[in-house]
Amino acid sequence: MKPVYGLLDINNCFVSCERAFNPSLENVPVLVLSANDGCAIARSSEVKALGIKMGDPHFKIARLCEDNAVRVLSSNFALYCGMSMRLMAEIQELVPAAEQYSVDEVFIDLTGMPGDLGEYCRGIRKAIRRNLGLPNCVGTGPTKTLAKLANQLAKKSKAADSVVDLAGHPEWVEKALERTSVGDVWGIGAASAAKLSKVGVLTALDLSRLDDRTVSRLLGVSGVRTAGELRGVPFYEVETQPEPRQSCMVSRSFGNPTGDFEMIREAVIVHATAAAEKLRGESLVAGALTVFCETPRFRKDLLQKNVSAIARLMPPTSDTLRIVKAAVSALKAAWEPGPWLYGKAGVLMADLCLASNVSGDLFMQPEKKPTPLMDAMDRLNSRFARGTVTLGTTSKTSSWRPRADNLSADWISDWSQIPVAVAKPPQS
DNA sequence: TCTGGGGTCCTAGGACCC
DNA sequence: TCTGGGGTCCTAGGACCC
């Protein structure tokens with residue numbers, strides 16, 4: 001049976017999550033900034049119309065936002081991740097097989113679905129809209145790459161009514177490829193698009209017609225796969241059982257760059273604690289970690305310095321106490337004081353594997369599960385709110401803490417911040 | 001003054017081995 | 001002048017994704 005792939009994604013995801021809980025944001029320009037209120041990462045259609053681009057630094061567009069009464073929000077990842085989990089739960093009720101591809105995108109397997117595929121997809125998107133309050137689009141195709149391309153067209157075209165069904169309409173594919181710039185194809189970034197344009201390949205259709213030898217020479221094996229997928233030959237499948245990840249990073253830019261070791265030590269402890277929590281949440285353990293500190297990379301006028309050091313964790317662990325201890329000693333090893341000021345620090349957990357898969361030997365007893373202390377910490381933090389129980393004392397106001405000047409409430413992850421709905425009796 | 005955070009895969013080149 | 005030919009493994013860097 002011929003495989004059929006679908007891709008559903010949330011329109012302007014972070015903006016839509018904010019709007020779902022705050023109706024005053026409907027029909028006005030809304031912009032969500034990255035961590036540290038650094039740059040634009042989600043834009044409502046009104047903000048896109050102002051010419052504000054993805055990744056534009058806030059300080060360069062602040063005036064434009066002010067002049068146009070743009071509602072500028074800090075990013076609230078607790079909210080977006082919570083909504084993303086609800087999205088997955090909803091989709092799994094609606095379709096037999098789904099793969100979460102990113103925080104706002106889900107691939108679905110529509111192979112063998114009877115009836116009109118387009119109508120079926122409209123039903124899915126309406127259910128998501130109704131149950132979560134999140135506007136979304138769906139594209140289908142004989143490959144993931146074509147489903148993704150169809151989804152982009154569904155977003156652009158008003159006539160499509162948020163669904164483009166290329167799988168059910170093979171006769172539309174050529175037109176769809178022709179209308180898509182090669183740089184907008186999933187897997188073709190700026191560097192590849194530039195190489196392709198030199199040989200006259202400007203659209204997805206051009207790429208699909210290029211011979212494999214040329215594609216391979218220009219883009220390597222990944223390019224050959226992408227070109228094949230554009231021709232309708234599936235290479236990627238819907239992965240319903242994702243492989244456990246190989247690495248896990250927690251890092252943040254500082255609100256204010258600093259050269260103070262104690263300040264950075266505190267940041268590293270907070271990040272290492274978060275990283276350990278993430279590992280336990282996925283039943284993983286790490287065999288090594290890297291701690292790094294960087295100076296602000298865009299400030300070419302300032303002295304640049306990147307330092308890092310690795311610590312081995314034997315036996316592999318997810319224990320906050322051991323991970324924090326290792327991270328602090330790695331930081332000491334990496335530390336280079338100087339006239340420069342560090343602007344960012346982070347912890348990268350590596351050599352990950354499932355805790356249940358670690359085997360011991362004569363000299364090493366593996367850690368098969370978190371200690372009762374870790375277990376208790378996780379349960380308290382998940383039941384009440386993130387950060388209810390932490391290691392040692394850290395200040396919520398330290399100058400390394402990232403800026404977040406316009407943060408919305410933790411509407412769905414903190415009991416004390418749940419919005420109150422008031423039902424008024426009908427007017428007589 | 002001011003530019004995010006977190007991932008994956010591929011490739012080239014060096015180290016090392018026989 | 002002129003010094004083999006393959007393997008494997010590891011790492012760093014690039015490219016891509018959201």
Side-chain angles (χ1 to χ4, degrees), chain A residues 7 9-14 31-43 52-63 65 72-77 80-81 84 99-107 144-145 148 151-152 182-196 216-226 235-236 239 242-257 267 271 274-275 278-279 282 284 288 290 292 294-302 306 308 310 341 343-352 399 402-405:
Chain A
L7 178 71
D9 89 333
I10 307 298
N11 304 349
N12 318 328
C13 181
F14 299 167
L31 175 68
V32 176
L33 298 176
S34 63
N36 221 13
D37 293 343
C39 55
I41 54 167
R43 306 157 295 150
I52 293 175
K53 300 271 180 300
M54 193 75 171
D56 278 352
H58 180 232
F59 72 89
K60 285 190 184 168
I61 53 172
R63 183 64 199 274
C65 290
V72 180
L73 300 171
S74 304
S75 43
N76 183 346
F77 281 99
Y80 314 144
C81 292
S84 183
E99 169 195 348
Q100 176 148 31
Y101 174 65
S102 74
V103 68
D104 68 330
E105 287 171 283
V106 186
F107 279 110
K144 277 183 157 179
T145 304
K148 183 103 176 155
N151 178 287
Q152 288 169 10
V182 75
D184 290 336
V185 172
W186 187 43
I188 306 296
S192 299
K195 282 185 203 165
L196 290 167
S216 171
R217 180 169 53 81
L218 293 171
L219 310 180
V221 295
S222 333
V224 175
R225 288 169 192 164
T226 296
F235 179 83
Y236 302 106
E239 310 277 354
E243 292 290 308
R245 58 162 129 197
Q246 301 163 20
S247 68
C248 161
M249 181 150 81
V250 178
S251 72
R252 294 285 180 282
S253 294
F254 301 148
N256 300 297
H271 298 337
K278 274 202 212 177
L279 293 181
E282 295 172 40
L284 295 168
T290 301
F292 61 89
E294 300 170 0
T295 44
R297 64 195 161 106
F298 289 102
R299 296 294 304 275
K300 296 301 175 205
D301 54 323
L302 299 179
N306 294 340
S308 69
I310 299 174
L341 298 178
K344 179 177 180 173
V347 178
L348 171 73
M349 310 303 303
D351 293 356
L352 304 191
S399 66
R403 273 190 301 277
D405 291 336

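Since the structure is predicted, the reported quantities are computational estimates derived from the model, not experimental observations. Throughout, protein chains are lettered first and strands after them, A, B, ... in sequence-line order, and every chain is numbered starting at 1.
One finds no side-chain N or O of A/S102 lying less than 4.0 angstrom from the OP1 or OP2 phosphate oxygen of B/dG7. Contact annotation: A/K344 reaches the phosphate of B/dG5 (side-chain N/O to OP1 or OP2, under 4.0 Å). The side chain of A/K195 places no N or O atom within less than 4.0 Å of a non-bridging phosphate oxygen (OP1 or OP2) of C/dC16. Within the structure, a side-chain polar atom (N or O) of A/S251 is placed less than 4.0 Å from OP1 or OP2 of B/dG6. A/S34 has no side-chain polar atom (N or O) that falls below the 4.0 Å cut-off from OP1 or OP2 of B/dT3. Neither OP1 nor OP2 of C/dC18 sits under 4.0 Å from any side-chain N or O of A/Q100. Using a 4.0 Å cut-off, no side-chain N or O of A/R245 falls inside it from OP1 or OP2 of B/dG6.
Rounded to whole Å, the distance from CG on A/N36 to C1' on B/dG6 is 16 Å. Spacing between atom CG of A/L196 and atom C1' of C/dC16 amounts to 14 Å, rounded to whole angstrom units. Rounded to a whole Å, the OH atom of A/Y236 is 13 Å from the P atom of C/dC16. Here C/dC17 presents its C1' atom at 11 Å from CZ of A/F107, a figure rounded to the nearest Å.
Across the strands present, B/dC18 finds its partner in C/dG5; the criterion is a Watson-Crick or G-U wobble pair with both atom distances under 3.5 angstrom.
Note: A/Y80 and A/F14 have parallel aromatic rings, judged against thresholds of 30 and 60 degrees for the angle between ring planes.
With the nearest nucleotide of DNA chain B identified for both A/F298 and A/V221, A/F298 has the one nearer the 5' end. Nearest-nucleotide positions on DNA chain B for A/L302 and A/S253 put A/L302 closer to the 5' end.
In this structure, A/C13 reaches neither bases nor backbone, as no heavy-atom distance under 4.0 Å exists between it and the strands shown. Heavy atoms of A/D37 sit nowhere under 4.0 angstrom from any nucleic acid atom. At a threshold of 4.0 angstrom between heavy atoms, the contacts of A/Y101 are confined to the sugar-phosphate backbone, with no base atom among them. Residue A/K300 is classed as having no contact, given no heavy-atom separation below 4.0 Å to the nucleic acid. Looking at heavy-atom distances under 4.0 Å, A/V185 makes contact with sugar-phosphate atoms alone, never a base. In this structure, A/A190 reaches the sugar-phosphate backbone alone: every heavy-atom distance under 4.0 Å involves primed, P, OP1 or OP2 atoms, never a base. Among the atoms of the strands shown, only primed sugar atoms or phosphate atoms (P, OP1, OP2) are found under 4.0 Å from some heavy atom of A/I188. Backbone-only contact: A/R225 has heavy atoms under 4.0 Å from sugar-phosphate atoms and none from a base. Nucleic acid contact for A/S192: sugar-phosphate only, since backbone atoms but no base atoms lie under 4.0 Å from a heavy atom of the residue.
Contact detail for A/L341 and A/T295: the closest heavy-atom pair is O-CG2, 3.2 Å. Nearest approach of A/H271 to A/A345, heavy atoms of both residues: CD2-O, 3.4 Å.
Each of B/dG7, B/dT3, C/dC18 was ranked by its minimum atom distance to the side chain of A/K278; first place goes to B/dG7. Minimum atom distance to the side chain of A/R297 is reached by B/dG4, of the listed C/dC18, B/dG4, B/dC9. In the set B/dC9, B/dG5, C/dC16, the nucleotide with an atom closest to the side chain of A/A35 is B/dG5. The side chain of A/K60 approaches B/dT3 more closely than any other nucleotide in the set B/dG6, B/dT3, B/dG4.
By the 4.5 Å heavy-atom criterion applied to side chains, A/S251 and A/K344 are counted as neighbours. A heavy-atom distance below 4.5 Å is found between the side chains of A/L279 and A/L352.
Distance check, rounded to the nearest 0.5 Å: OG of A/S74 to CG of A/N36 gives 9.5 Å.
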